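Reading through the structure tokens given below for one structure.
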Amino acid sequence: MTNHITFGKDPHSYNIDDPEENDDSDGSGNIGAGLLANAVSVWSFLNPDKHTGDAARAFNCSEANIIEAVEKQGGLYFYIGAQLSCGSFALEHDGE
């Protein structure tokens, strides 16, 4: 069973700061989508031929979380690829 994550307001932090002191944080303690996208990017680069379902199991979150994080924060060189026969999506790397 996987856990669905609710992302925090600031995509590049853990959102633990007081919102009155840091406008980017919501104080929720929820990970930002950018942090998850970065972690999945490194993980998938080191584990070729893995897909969104594999990443969801590795990061103990839902496949929808992986897709959302990568689509929002993945960028030009890391993105969601074609749907595979297993129903999951390929994790694609381009560039250097």
Side-chain angles (χ1 to χ4, degrees):
M1 183 172 160
T2 58
N3 299 316
H4 185 76
I5 298 170
T6 301
F7 292 116
K9 178 181 173 185
D10 182 358
H12 303 291
S13 82
Y14 291 99
N15 294 287
I16 58 174
D17 296 328
D18 184 345
E20 293 181 16
E21 295 175 15
N22 181 348
D23 291 339
D24 292 333
S25 177
D26 60 10
S28 66
N30 294 335
I31 188 171
L35 290 179
L36 181 60
N38 289 342
V40 172
S41 175
V42 171
W43 175 85
S44 65
F45 185 78
L46 296 172
N47 295 281
D49 300 323
K50 298 295 184 180
H51 52 71
T52 53
D54 295 327
R57 284 186 291 282
F59 288 91
N60 193 30
C61 63
S62 71
E63 195 167 355
N65 284 136
I66 300 294
I67 293 168
E68 179 183 357
V70 173
E71 286 180 342
K72 283 185 176 179
Q73 301 294 323
L76 296 173
Y77 302 110
F78 179 55
Y79 54 92
I80 299 295
Q83 188 168 18
L84 306 173
S85 60
C86 64
S88 291
F89 293 86
L91 294 166
E92 300 285 341
H93 291 266
D94 279 347
E96 304 174 26

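Please read all numbers here as calculations on a predicted model, not as lab measurements.
From Asp49, atom CG reaches atom OG of Ser44 across 10.5 Å, with rounding to the nearest 0.5 Å.
Among residues two or more places apart in sequence or in another chain, the side chain to side chain contact (heavy atoms under 4.5 Å, CB included) test is passed with Thr52 by Glu63, Ile66, Ile67, Ile80, Ser88, Phe89, Leu91. Residues forming a side-chain hydrogen bond (donor to acceptor under 3.5 Å, both in side chains) with Ser25 (at least two apart in sequence, or on another chain): none. For Lys9, there are no salt bridge (Lys or Arg N to Asp or Glu O under 4.0 Å) partners, not counting sequence neighbours. In this structure, the salt bridge (Lys or Arg N to Asp or Glu O under 4.0 Å) partners of Asp54, at least two apart in sequence or on a different chain, are Arg57. Looking at residues two or more places apart in sequence or on another chain, you find a side chain to side chain contact (heavy atoms under 4.5 Å, CB included) between Ala90 and Leu84, Glu92. With sequence neighbours excluded, no residue forms a side-chain hydrogen bond (donor to acceptor under 3.5 Å, both in side chains) with Asn47.
Contact detail for Ala55 and Val40: the closest heavy-atom pair is CB-CG1, 4.2 Å. Here the shortest heavy-atom pairing between Phe7 and Ala69 reads CZ-CB, 4.0 Å. When all heavy atoms are compared, the tightest approach of His51 to Cys86 is NE2-SG, 3.9 Å. Of all non-hydrogen atoms in Gly27 and Pro19, the two that sit nearest each other are N-CG, 3.9 Å.
Using a 4.5 Å heavy-atom cutoff, the side chains of Lys72 and Pro11 are not in contact. At a threshold of 4.5 Å between non-hydrogen side-chain atoms, the residues Phe45 and Phe78 do not count as touching.
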Decide side-chain contact (heavy atoms from CB on, under 4.5 Å) for Lys50 and Trp43; before the verdict, give the C-alpha distance in whole Å, the side-chain angles of both, and the deciding distance to 0.1 Å.
CA-CA 9 Å; Lys50 298 295 184 180; Trp43 175 85; 3.6 Å; yes

Going through the checks in order, is the side-chain contact (heavy atoms from CB on, under 4.5 Å) test met by Ile31 and Tyr14?
CA-CA 4 Å; Ile31 188 171; Tyr14 291 99; 4.2 Å; yes

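A donor-acceptor contact shorter than 3.5 Å is absent between the side chain of Ser41 and the backbone of Ala37. Side chain of Asn15 to backbone of Gly29: no donor-acceptor contact under 3.5 angstrom is found. Put simply, the side chain of Asn3 never gets that close to the backbone of Cys61: no donor and acceptor are under 3.5 Å apart.
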